[in-house]
Amino acid sequence: MTSSAIDFTLHSFQLEAGIKYFATVVACNTGNLCTAVTSDGVIIDNSPPVPGVVQDGTDIHDNEYQSLRNFLSAKWFGFTDAQSEIDYFVIRIGTAPGSGDIFPPKIITAHDMVLLTDLPDPLPLNRRIYITIRAYNKAGLYSESTSNGVTVDVSGPDVIEKPFFTRNLGSIVEGTSVLRSTLRLKWSVQDMQSSIQRQYLSLSSHMYGELNTSKITVNGVAREYTLTDLDLHDGGSYYVKLIVCNGAQICTETETDRILVDSTPPSSGMFAISTSHAANLQRHTRGWMTWSEYRLNIALLGFIDLHSDIDKYYVSVGRDFMADNLNKVPGTPMVFYHNDSITEYLDEGPIQLFVVPTQQLNNLDTVFISVWGVNKVGLSSSLVHYQFQLVSGGYLDLLRRCAPLTCLGHCVCSSLGARCHPNGNACTDVSADNRNTLITVSDLTDFSGSNDNDIQFTPSNSHLSAKWKIVKRQGMSPLWYEWSVGLSSQELPRGVINTTTDPLWRYSGQKMEVIHCLKIGQQLTELLTYSIFVRVWYSSNAYAIFKSNGVTVVSEPVAVNRQRGAAVVEKVPSFWKNDVDFIKPGSLFTLNWENVFIGPPGMIEKFNVYLSSFKGGADLHKVNEDIDSSVSALNISRLNMIPGVRYYSNVVAYTFSGLQTSVCSDGIMVDSNPPVTGVIYDGLGLHDLVFQNKSDVLAATWHGFTDIGSGIERYAWCVGAKKIDQNCEVLPLKHVGIQTSVSSMLPSHLHDGQQVFNKLMAVDGVGHSTDLVSSNGVTIDITPPVPTSFLHEEDNHVINPSFEETNGCFIEIIDIFDYNLDDNDNCYKPSSWIGDGCIATIKSDVDTAYDGRSFIFLKGVLQQNIQQLSPGNLYRVTFVTSHLPISGAVVSNIEGSVMFSDKEHVFQIFPKENKSGIIWHLHTFYFKPDTEDSDIRITNRDKNLGFLIDGIKIQKIDIQPTSKIDRIVHVHTVGLHRWSSIHASWNFEDAESPISEYMWAIGYTKGNEEMQRFQIVGTNNFAYNYNLALPHASQVFVTVIAKNAAGLRSAAYSSGLNIDQTPPVIDQIHDGAGVDIDGQTSNIITANWDATDPESGLQPYGNELQPFTKTVNLKSASATLDEIVISQKTVYVTVRCHNNAGSYSSSTSDGVTISDIPPSSDHAVVTVIPQSLTEYSPGYFHQQDKTSVRIKWSGFTDQFDIMSFVVQFEGEKVYLKNSILDINKQVSYFVMNGLDLPDAVYTANVAAINSMYIRSSMVNTNVTVQSSAPVVVEGSNITTTKKGDDITLKWTNCFTYPGRLVYEVSVGTVQGGADVIQWQETTENFIIIKLNEKLKSKLNLNLYCFIRAIGESGVFSSKSDDVNT
């Protein structure tokens, strides 16, 4: 990795998904001091998040409806990503699943819910709106889920019929009830948009008394409800409030009319008749309690009802005890309404006066009169029955003494509810064998008269009631009736009436119905059965007792079985699960509620079944028929269920007492989509296998298969030979349950190189299945990599590899010390190369370049496009680098990189240990291009220092198969001062699977790793170790292990490499064939030398002679050079001697010079440096000083250097000459002092002399000595001219001077001042001044002027004057 890089890309590594990997960067300076920093880790994630469930609204349950049009909310769960976690979510909203026509995609930071308020546009009404959530993981992969939708409903439920109390339970008179523990009401509501979801009932009283009821929640399908276990107050009026809420949570409120509750009958009174009793109560009213032929005039007193008042009275008249045969309509009592307008009598209330029409009374001695009062809720008082004597004159005389009329002592003169002493006759109970008229007794709760059907159950625990009727007439007919109540299990009435305080049997007379309300504080026992007992008297001594078949008290709803396994469930026929949560669209399922409801047999009357998107509703489906109580299952099919919506099955059980119990299932959903496919890996590891080294077993793992509906239930796995089809030729399809990995032995071995594909099918809970998903395939490879030998071809694919050709310019190596290498133009760049930054071609005619005469200074990037490559073939890239040969470049390492075929490697140039010469570093790399052309790119990574580069080669590698494993690895070493490195290259091939990695080690024997342990170098065909101490004169071996993608390995070795850390020794090198010479005239250059290398020997072809031509002779060489080329030059001979260890040494002769050309003065310049004795600089070629002259020259050149100069200075009466040595090499100076020069023009001449004592032509220049100043003309004046705001000053003819003058002008408003202008220079004899605002306002402005005239040699004169404007 390069020193300036800030990123790095890792290729060809099989990283495991879900594993966190940490990157550690070690930064080392060129002093090899390092610092390591580790990242916080990155997790490899190749699969999108697991999709979750999106729920409309933020409540516990999914919302199907809402009432707001500018608001939407949602929450979600189940989005998970086990590898890289969820990073963020994106929401969009539309009228179709996945669309965004209502709300475009937007990133949200919340991770489980969102609230969107103040939406820009109102949401559409009565259209389903879908919310889609897309979850992104931190790897940028995503999955998404859509809600099942929500519908906007802005209207509340409609009340079709407000709640009212029914007449079929305890209501004799409309608007009243005789039950203090039970109320039943009905209503009718509807909502066509979002259905009725829930309802609330609350009971209140106008008396504001405390009630033992609170708000009652009723399911959405109920239209009738019975309130039980109440404790209502007699005489109280009550209201029930109904609140109805739809699915959009909009509620409508209504209430019933009042209902009057009174469970106590009226108190019985008496006849207001005269009496001779000592008390003298004076109840008699004149004219009443009389009779006539067809009527009775009766007066009643004392009938009272404190809670609901007396409403009316019933009167019956008969000839016999309890008879009514004298009524105007025999068998029908006469009705008289209570009158409160009559004056009350004491505290017994108003006397009620009735004229009772009767049958003819003339022939009768006595009559029996029965009276009972009825209050306003319909309850009757106890029967008042008396016998009256018809006294002539029309008076009714009450018989106060009487005889018993039955064998049980019934009489008319006893106290209320009591009897007289029995008459002594035996009573006959004919109940067992009754041959007389028979009756049937029916239990009732409906007093409205519309329904006399016998009931078996009652919701009230505070009353019993019944009616009876004759069912068979035979024998004797009934004379009158008595009634009582008791347990049905008893033959006689027991268990209800306390006989110590109350009579067991009560008179009914001719009435054939009874309503018995228990006293306050008493109640019937739950689930016990009670009967109404009726005693029918056939004669004074014979009777029969009848009873109803009983009514069971059920004041509590049907209990729900809470034991495990008892629940309302949805089942699929022939499916093993007892309760399914998902079905396919339109599929048949069975709703079962067996053993859910518990209670006495026959308690449940019926079931109703509803299906809805919420518990207790019916917005999906309603079974219109009542289901018999014996049925506990129902088939449901072909419902239009929306996917993603959970629907609940609601079963409502109704008791015969009218109570209801609702139980819901846990819900069922439609799953309309198959599972989402995931990724299947070959092999059992955490990563996908592309190759495996076993041919008799196959395995697979998988992940990412999801189903947010019914879930994955099982997988099926097989193996095929092709990826694109659904065939399983290798292994047939078999179910593997819900495990996520599988392996299996094969019946026969696969052949080497065969590719097979693992295939997987996912099946969800309702039977949806995916297509077979195929893996990427695994190839069988049971053979390890095979090493090959390779040869380096001689052809170099690089054009201008040693930079001998440029765009026209070279920098001589001797000039790099003074030349700014960062400042060059395109002229210095090598041809056929392009680059960026500073690139300069340096030329050296001495022993400097590695190849040829030139090399490159690089501080940037150097690049060339290489053509005619063979894609897939191996190429070797070699080049040399060096520090600059200047002292400032030897202090540290420099880092560079080479890129070829889009692959980059780093190299280093090591310090030179205080040596300022050029020391070339050899670098070797291998690349495998994949195209026919590719750029080679060499980069200097150091921002401050450049380096030199030369000898770039790209050579094709010829691969040869071999059976050997020795001498396969190519090795060479590079030794530079105290640095040494070892470089190795190799090649392996594998026909079935690619090479995945190489490891190499260095040791003193084959396979050992004493010097370097095995290190992985990826898939590179080469490696190097720069930090290795190679012992001199030792032998080392390199071992390479190749591993293919199937995990198989093979090894190869290098031959033993002799380590030679010393270069060859060159003892001497002489110009000429013998003793060293310094010059010659011939163009035949001859040299001889002496070189040795005792460790590794000399390469016979490794010595080079200018112009770097290889020679086989190891001691001398000669060459005939072009006379034009070497004429007038110094020729040096350089010898490079290479040993067999790769080191070399160089030596250069002191050279021989050939020259007959004088120094060049073509670019020479001679200058006299002018001198001034005033503060003003003199002009060109002028000076005032007469005593000294300074001369400077430069530009004389000679290829063999300038030795000295000849300087001459001459003019009027002056001639001077001197010889000056060339010391400065660039610019020379000569100063002459002590002169006395008259004003005149003088000439300076300079000539150069080279080391061959040949003089150049003269170069000269002139200088004029002028010591006199300008003369001020006496009497001259400065004149002014004013034009507007401009004033022109003129000093024409004020100064005289033979040469050119420059004037310096200052003007002020006071003497010596310069507040107008100061030191303004001009070559004209006038100046224009523009007045400022301050000066404009002054009249007769007086200006003071000061003018200085300056001559060409710097001398000057001055004149001052004042002028008036």
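Values reported hereafter were calculated over all heavy atoms of this structure, with side chains retained and with hydrogens, waters and symmetry mates removed. Keep in mind the model is a prediction, meaning the values are calculated, not measured.
Not one N or O on the side chain of Thr226 forms a donor-acceptor pair closer than 3.5 Å with the backbone of Leu659. Distance alone, capped at 3.5 Å, is enough to place a donor-acceptor pair between the Ser629 side chain and the Ile604 backbone. With hydrogens and angles ignored, the 3.5 Å screen pairs no side-chain donor or acceptor of Glu605 with any backbone N or O of Ser657. Side-chain N or O atoms of Ser548 include one that pairs as donor or acceptor with a backbone N or O of Ile532 at under 3.5 Å. Side-chain atoms of Thr182 never come within 3.5 Å of backbone atoms of Leu179 as a donor-acceptor pair (strictly under, hydrogens ignored). Under the 3.5 Å distance criterion, the side-chain polar atoms of Ser484 are left unmatched by any main-chain donor or acceptor of Pro493.
Using modelled atom types and a 3.5 Å distance limit, the side chains of Glu570 and Thr590 yield no donor-acceptor pair. Asn375 and Asp309 are not linked by any side-chain donor-acceptor pair at a separation below 3.5 angstrom, with hydrogens and angles left out of the test. For the residue pair Arg646 / Tyr648, no side-chain donor-acceptor distance below 3.5 Å is found, with atom types taken as modelled. Gln197 and Gln249 form a side-chain donor-acceptor contact under 3.5 Å, judged by distance and modelled atom types alone. Of the N and O atoms on the side chains of Thr458 and Ser460, not one donor lies less than 3.5 Å from an acceptor on the other residue. In the model, Thr264 has a side-chain atom that pairs as donor or acceptor with a side-chain atom of Asp262 under 3.5 Å. Gln523 and Ser181 form no side-chain donor-acceptor contact under 3.5 Å, judged by distance and modelled atom types alone. In the model, Arg223 has no side-chain atom that pairs as donor or acceptor with a side-chain atom of Gln190 under 3.5 Å. A donor atom on one side chain and an acceptor atom on the other are not found under 3.5 Å apart for Asp324 and Ser316. If you check the side chains of Thr529 and Thr552, you find a donor sitting under 3.5 Å from an acceptor. Looking only at atom types and distance, the side chain of Lys241 has no donor-acceptor partner in the side chain of Tyr239 under 3.5 Å away. Looking only at atom types and distance, the side chain of Glu513 has no donor-acceptor partner in the side chain of Trp468 under 3.5 Å away.
You'll find the side chain of Pro266 stays beyond 4.5 Å of the side chain of Val374, heavy atoms only. The side-chain heavy atoms of Phe447 and Ile515, taken from C-beta on, include a pair separated by under 4.5 Å. Between Leu438 and Gln474 the shortest side-chain heavy-atom distance falls below 4.5 Å. Side-chain contact between Thr406 and Trp480 is present, with heavy atoms from C-beta onward closer than 4.5 Å. At a threshold of 4.5 Å between non-hydrogen side-chain atoms, the residues Val377 and Leu260 count as touching. Proximity of Asp153 to Asp191: side-chain heavy atoms (C-beta onward) are separated by under 4.5 Å at one or more points.
Screening Trp505, Trp537, Tyr507 for a side-chain hydrogen bond (donor to acceptor under 3.5 Å, both in side chains) involving Glu482 leaves a single residue, Trp537.
Remark: Lys162 does not engage Glu255 in a salt bridge, criterion side-chain N to carboxylate O under 4.0 Å. Using a 4.0 Å cut-off between charged nitrogen and carboxylate oxygen, Asp579 and Lys577 do not count as a salt-bridge pair.
Closest approach of Leu242 to Pro163, counting heavy atoms only: CB-CG, 3.9 Å. Considering every non-hydrogen atom in both Asn436 and Asn434, the closest pair reads N-OD1, 2.9 Å. The two atoms that bring Ile243 and Glu253 nearest to each other are CG1-CG, 4.1 Å, heavy atoms only. Shortest non-hydrogen contact noted between Thr525 and Tyr530 is N-OH, 3.0 Å. Taking both residues in full, the closest heavy atoms of Val485 and Phe533 are given as C-CD1, 4.0 Å, listed atom of the first, atom of the second, then distance. Closest heavy-atom contact between Asn219 and Gln660: ND2-OE1, 4.1 Å.
Note that the OG atom of Ser171 and the CG atom of Asp446 stand 9.0 Å from one another [nearest 0.5 Å]. Taking CG of Leu379 as the reference point, atom CG of Asp234 lies at 9.0 Å (rounded to 0.5 Å). In this structure, the separation between CG on Leu185 and OG1 on Thr166 is 7.5 Å, given to the nearest 0.5 Å. Atom OG of Ser508 and atom CE of Met322 lie 9.0 Å apart (nearest 0.5 Å). A distance of 4.5 Å separates CZ of Arg435 from CG of Asp433, quoted to the nearest 0.5 Å. Distance check, rounded to the nearest 0.5 Å: CZ of Arg258 to OG of Ser237 gives 3.5 Å.
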Note to self: One pair to check against side chain to side chain contact (heavy atoms under 4.5 Å, CB included): Val623 and Asn608. What are the steps and the verdict?
What the structure shows: CA-CA 7 Å; Val623 179; Asn608 285 146; over 6 Å; no

Margin query: For Asn453 and Ser442: C-alpha separation, side-chain torsions, deciding distance, then whether side chain to side chain contact (heavy atoms under 4.5 Å, CB included) applies.
Written below: CA-CA 7 Å; Asn453 295 332; Ser442 299; over 6 Å; no

Next item on the list: Run the numbers on Trp593 and Val569 for side chain to side chain contact (heavy atoms under 4.5 Å, CB included), then give the verdict.
Entry: CA-CA 7 Å; Trp593 58 92; Val569 297; over 6 Å; no

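Annotation: cation-pi pair Lys511/Trp372 present, NZ/CZ under 6.0 Å from the ring centroid and within 45° of its normal. By the 6.0 Å and 45° rule, Arg535 does not stack over the aromatic ring of Trp483. Cation-pi geometry between Lys606 and Tyr654 is met: the NZ or CZ atom falls under 6.0 Å from the ring centre, inside 45° of the normal.
Counting only residues at least two apart or on different chains, the side-chain hydrogen bond (donor to acceptor under 3.5 Å, both in side chains) pairs with a member in residues 487-496 are Ser488-Ser531. Within the structure, every pair that satisfies the side-chain hydrogen bond (donor to acceptor under 3.5 Å, both in side chains) test and touches residues 609-621, not counting sequence neighbours, is listed here: Tyr65-Asp619, Ser612-Asn650, Ser613-Asp619. Within the structure, disulfide (SG to SG under 2.5 Å) pairs that include any residue of residues 234-263 comprise Cys245-Cys251 (at least two apart or interchain).
A search for ring pair (Phe, Tyr, Trp, His ring centres under 6.0 Å) contacts involving Phe303 returns Tyr313, not counting sequence neighbours. Residues satisfying the salt bridge (Lys or Arg N to Asp or Glu O under 4.0 Å) criterion with Arg184, sequence neighbours excluded, are Glu224. A search for ring pair (Phe, Tyr, Trp, His ring centres under 6.0 Å) contacts involving Phe656 returns Phe457, not counting sequence neighbours.
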